[in-house]
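Have a look at the structure below, then the notes.
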Amino acid sequence: MDLAILLSGIAAGAILFHTAIIAPTVFKTLGPAEVKIFLRAVFPKLFNLLVFLGIIMLVLFFFGMGSIYVALITTTLPLICGRLVPATNKARDDGNTKLFKNLHTVSVVLTIIVLLSNLTWIVKYFT
């Protein structure tokens with residue numbers, strides 16, 4: 001199996017796991033103070049993991065494996081999301097709902113692009 005495909009699967013799986021299982025469970029089981037602490041610790045780690053996987057994908061591309069587009073998307077977009085985290089948290093803390101929603105939406109859209117690019121690459125590989 002192509003290592004780049006495996007990395008794309010890990011990236012897609014991590015995104016799906018965090019958004020479909022971790023976040024909803026946290027919102028249902030923890031209080032607002034604990035949710036704030038937990039999510040602020042977990043989501044930057046997700047973005048860091050994605051950047052790390054993207055960098056490995058970039059290296060693999062130069063050895064003739066993988067897609068440069070998926071590698072660049074998987075590296076760059078989570079890097080942007082990670083840089084948005086402090087501003088997003090500050091907007092939430094300051095009660096700036098409009099700014100928080102805008103920054104959060106940007107982060108969600110960029111993460112969805114990473115997810116879809118990795119899933120598309122996997123499907124393309126197997127068809």
Side-chain angles (χ1 to χ4, degrees):
M1 176 186 271
D2 191 343
L3 184 56
I5 292 297
L6 177 62
L7 295 174
S8 281
I10 293 170
I15 293 168
L16 291 172
F17 182 73
H18 275 76
T19 57
I21 296 172
I22 296 293
T25 302
V26 167
F27 283 116
K28 288 180 185 175
T29 59
L30 300 178
E34 292 83 11
V35 167
K36 176 181 170 179
I37 292 167
F38 183 81
L39 292 181
R40 289 180 182 200
V42 170
F43 274 92
K45 288 176 176 53
L46 171 64
F47 298 137
N48 289 339
L49 171 65
L50 295 172
V51 170
F52 177 72
L53 293 171
I55 290 169
I56 296 172
M57 289 178 195
L58 282 171
V59 170
L60 290 174
F61 172 76
F62 290 108
F63 287 102
M65 295 181 274
S67 164
I68 188 67
Y69 302 111
V70 174
L72 287 172
I73 288 168
T74 305
T75 303
T76 307
L77 299 187
L79 191 62
I80 294 168
C81 290
R83 299 284 190 231
L84 291 176
V85 167
T88 305
N89 291 343
K90 183 172 180 353
R92 171 68 99 184
D93 292 343
D94 293 347
N96 190 340
T97 305
K98 183 178 179 181
L99 180 60
F100 170 78
K101 285 182 179 181
N102 288 338
L103 292 171
H104 183 261
T105 299
V106 168
S107 180
V108 168
V109 168
L110 294 180
T111 303
I112 289 170
I113 293 169
V114 174
L115 173 64
L116 293 176
S117 68
N118 279 281
L119 289 176
T120 301
W121 165 240
I122 293 168
V123 169
K124 183 179 176 185
Y125 181 83
F126 286 107
T127 56

Quick check: is [Y] connected to [X] through a chain of hydrophobic side chains (ILVMFWY, heavy atoms under 4.5 Å apart)?
{"X": "Met65", "Y": "Leu58", "value": "no"}
{"X": "Val70", "Y": "Leu6", "value": "yes"}
{"X": "Tyr69", "Y": "Ile55", "value": "no"}
{"X": "Leu16", "Y": "Val42", "value": "yes"}
{"X": "Val123", "Y": "Ile73", "value": "no"}

How long is the straight-line distance from [atom2] of [Y] back to [atom1] of [X], given to the nearest 0.5 Å?
{"X": "Asn118", "Y": "Leu53", "atom1": "CG", "atom2": "CG", "result": "8.5 Å"}
{"X": "Thr97", "Y": "Arg92", "atom1": "OG1", "atom2": "CZ", "result": "7.5 Å"}
{"X": "Leu77", "Y": "Leu50", "atom1": "CG", "atom2": "CG", "result": "10.0 Å"}
{"X": "Thr105", "Y": "Leu84", "atom1": "OG1", "atom2": "CG", "result": "11.0 Å"}
{"X": "Asn89", "Y": "His104", "atom1": "CG", "atom2": "NE2", "result": "10.5 Å"}
{"X": "Thr19", "Y": "Leu115", "atom1": "OG1", "atom2": "CG", "result": "7.0 Å"}

Nearest atoms (heavy-atom pairs only) where [X] meets [Y]:
{"X": "Ala20", "Y": "Pro24", "result": "O-CG, 3.4 Å"}
{"X": "Met57", "Y": "Ala71", "result": "CB-CB, 3.6 Å"}
{"X": "Gly66", "Y": "Asp2", "result": "N-OD2, 4.2 Å"}
{"X": "Pro44", "Y": "Val85", "result": "CG-CG1, 4.1 Å"}
{"X": "Ser8", "Y": "Trp121", "result": "OG-CD1, 3.0 Å"}
{"X": "Leu39", "Y": "Phe27", "result": "CD1-CZ, 3.5 Å"}

Do [X] and [Y] come within less than 4.5 Å of each other through their side chains, counting heavy atoms only?
{"X": "Asp93", "Y": "Lys36", "result": "yes"}
{"X": "Ile22", "Y": "Phe38", "result": "yes"}
{"X": "Ile5", "Y": "Phe126", "result": "yes"}
{"X": "Thr74", "Y": "Val51", "result": "no"}
{"X": "Thr88", "Y": "Ser107", "result": "no"}
{"X": "Phe63", "Y": "Val59", "result": "yes"}
{"X": "Leu7", "Y": "Leu60", "result": "yes"}
{"X": "Phe47", "Y": "Leu79", "result": "no"}

message: Using a 3.5 Å distance criterion without hydrogens, assess whether the side chain of Thr75 forms a donor-acceptor pair with backbone atoms of Gly54.
response: yes

field: Main-chain N/O of Ile113 paired with Ser117 side-chain donor or acceptor, under 3.5 Å
entry: yes

field: Heavy atoms of other groups near Phe52 CZ, more than 12 under 6.0 Å
entry: no

field: More than 12 heavy atoms of other groups within 6.0 Å of Arg83 CZ
entry: no

